[in-house]
Trainee: 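I am attaching a structure below and will ask some questions about it afterwards.
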Amino acid sequence: MSDEKDGQAVGESDGQEDQLPEGLSRLAREYHEPPAVPREAIWARIRSARVDAPTVRPSDRPTVPRPPDRLTATARPSFRLPAWIGIAALLALGVAVGRWSLGAWRGSPEGPQLAAVDQPAHEGAVVRVAAAEHLSRTETLLTALRVGERGPALEAQARDLLLTTRFLLDARGVSEPRVRALLEDLELILVQLLQAQAGNGGELDLVTDALEQRDVLPRLRLALPPTL
Amino acid sequence: MGLQTAVLDPMTQRAPLVQRVLDGDPSAERELYDAHVDRVYRLAYRLTGDGDQAAEYTQDTFVRVFDRLGEFRGEAALSTWITSIALSMVYSGMRKVRRLRQRETDLDDAAPMPATGRRAEPDLKRKLAAAIDALPEGYRTVFVMHDVEGYTHQEIAGALGIQDGTSKAQLSRARAKLREMLAEFEGEWR
């Protein structure tokens, strides 16, 4: 059971020097010792649960919403706005930010270099700028949620942010693995938030717990550029 | 344990299976399930201590996996992605049931130490289980995944969406907490 030590920060434990004594370790491995896995019984239940919701091939995505339930409501919606609307909105936002930035850059020695940027790279940069804006808005919402804000306005904002999160996940230009992982966690949390809003208020505690468990807010803040 | 080799599922080995599932091959779905169910169920059982709950959360995990498999992009190992979903299912479910508090044992009310050594280990085992139950959720998850089930810090970090260093730090704190809670039994586990 050896762990990689790459990237280990100074002062970080590598798990070796503070291992539990062998007696305790042995007993720990007996903690809630599982019985034999009831494979067939669980498989039967999975098949039963999926009778009305078979695996959907990406090419077969239906164009009407499926009835919301606890399981399918947490998946990506089976309806989508035409992709060009979402991407156009993102690019418009990004271009607007980019033009403002370019205006600022033109007065700098870096201006001529920007003109030499190739189109795909520029597109990626535009999406990244849009992503940064989106993360900032999401941080604001999640911070409000943590301090106890609730209500229809928060729900509406969460829906918008969820849509944008999903467009960003589908767009080119957001390729950095940690940012993508963050966006996926945000997607999950926003879906849970919307489910909780539809259900009882007590489940919102699960959302805030998930925020803590996954270190979402610290990761969000680290992902934001210093100027946002 | 064979877990260390079981978790090594390079994308090149899994990608064809994922594609077969997405293409609607029913045997591929069962194959994917068989490859991962043991690990998911074991983790769910370790965290809940309850067979019915473990089965339910395992079922929920795979329903979600099959529903969202088209969105799996392969940046992480498939096993890590599935583990992440499993943890989400387990903790959502456990909070609803609120059984964690019912299973906590008050260490102060424990039976006095037996005079003979024959009961000592079962008593320590029970105390250790109660101490693990009493760990804060984050520490407990990392401890159970690493020290009990044998996940690496890389896998834990990937499944929980945290840094490797955070996983190591939480494990270290969990172990320290357990030592502290079991200090009076030190003679038995040395």
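In this text the structure is predicted, and so the values were computed from the model without any measurement. Below, chain A is the first sequence line, B the second, and so on; all start at residue 1.
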Trainee: Answer whether the closest heavy-atom distance between the side chains of B:D38 and A:R39 falls below 4.5 Å.
Mentor: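 A side-chain contact under 4.5 Å exists here.
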
Trainee: Counting heavy-atom pairs closer than 4.5 Å to chain B, which one of A:L182, A:D185, A:L20 comes out on top?
Mentor: A:L20

Trainee: Taking all heavy atoms of A:A49 and all of B:V63, pick out the closest pair and write down the distance.
Mentor: CB-CG2, 4.0 Å

Trainee: Looking at every non-hydrogen atom in both residues, tell me the closest pair between A:A36 and B:Y41 and how far apart they are.
Mentor: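 Answer, listing the atom of A:A36 first, then B:Y41: O-CE2, 4.4 Å.
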
Trainee: Among B:V40, B:T58, B:V37, exactly one meets side-chain contact (heavy atoms from CB on, under 4.5 Å) together with A:V37. Which residue is that?
Mentor: B:V37

Trainee: Using side-chain heavy atoms (C-beta onward) and a distance below 4.5 Å, is B:D133 in contact with A:H32?
Mentor: yes

Trainee: What residue, out of A:P38, A:A41, A:P218, A:S25, has the most heavy-atom pairs lying under 4.5 Å from chain B?
Mentor: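 The candidate making the most pairs under 4.5 Å is A:P38.
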
Trainee: In chain order, what residues pass the salt bridge (Lys or Arg N to Asp or Glu O under 4.0 Å) check against A:R137, with sequence neighbours excluded?
Mentor: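 Once residues adjacent in sequence are excluded, A:R137 has no partner under the salt bridge (Lys or Arg N to Asp or Glu O under 4.0 Å) criterion.
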
Trainee: Under a 4.0 Å threshold between the charged nitrogen and the carboxylate oxygen, would B:D67 count as salt-bridged to A:R50?
Mentor: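 No.
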
Trainee: I'd like to know if A:E30 pairs up with B:R126 as an ion pair, taking the criterion as any Lys NZ or Arg NE/NH1/NH2 lying under 4.0 Å from an Asp or Glu carboxylate oxygen.
Mentor: no

Trainee: Would you indicate whether the side-chain heavy atoms of A:L24 and B:L178 approach each other to under 4.5 Å?
Mentor: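 Side-chain contact under 4.5 Å: no.
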
Trainee: CD of B:Q59 to CD1 of A:I46: how many Å apart, nearest 0.5 Å?
Mentor: 6.5 Å

Trainee: Identify the two heavy atoms, one from B:Y45 and one from A:P34, that lie closest to each other, and give their separation to 0.1 Å.
Mentor: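 The answer is CD2-CA, 3.6 Å.
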
Trainee: Measure B:S167 against the heavy atoms of chain A and call it side chain, backbone, both or neither at under 4.5 Å.
Mentor: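 Contact with chain A: none, neither part.
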
Trainee: So for B:A157, is it side chain, backbone, both, or neither that comes closer than 4.5 Å to the heavy atoms of chain A?
Mentor: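 Neither part.
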
Trainee: Just to verify, what does B:Y33 make a ring-ring contact (aromatic ring centres under 6.0 Å, His included) with, not counting sequence neighbours?
Mentor: A:W43, B:F62

Trainee: Does A:E33 reach the side chain of B:R46, with side-chain heavy atoms less than 4.5 Å apart?
Mentor: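 SC-SC contact between A:E33 and B:R46 confirmed.
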
Trainee: Quick one: are A:Y31 and B:L128 in side-chain contact, heavy atoms under 4.5 Å?
Mentor: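 Heavy-atom side-chain distance check fails, nothing below 4.5 Å.
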
Trainee: Identify the heavy atoms of B:F143 and A:A28 that sit nearest to each other, and give their distance.
Mentor: CZ-CB, 3.9 Å

Trainee: Knowing that exactly one of B:R179, B:K177, B:R175 qualifies, which makes a salt bridge (Lys or Arg N to Asp or Glu O under 4.0 Å) with A:D18?
Mentor: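 One option only clears the test, and that one is B:R175.
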
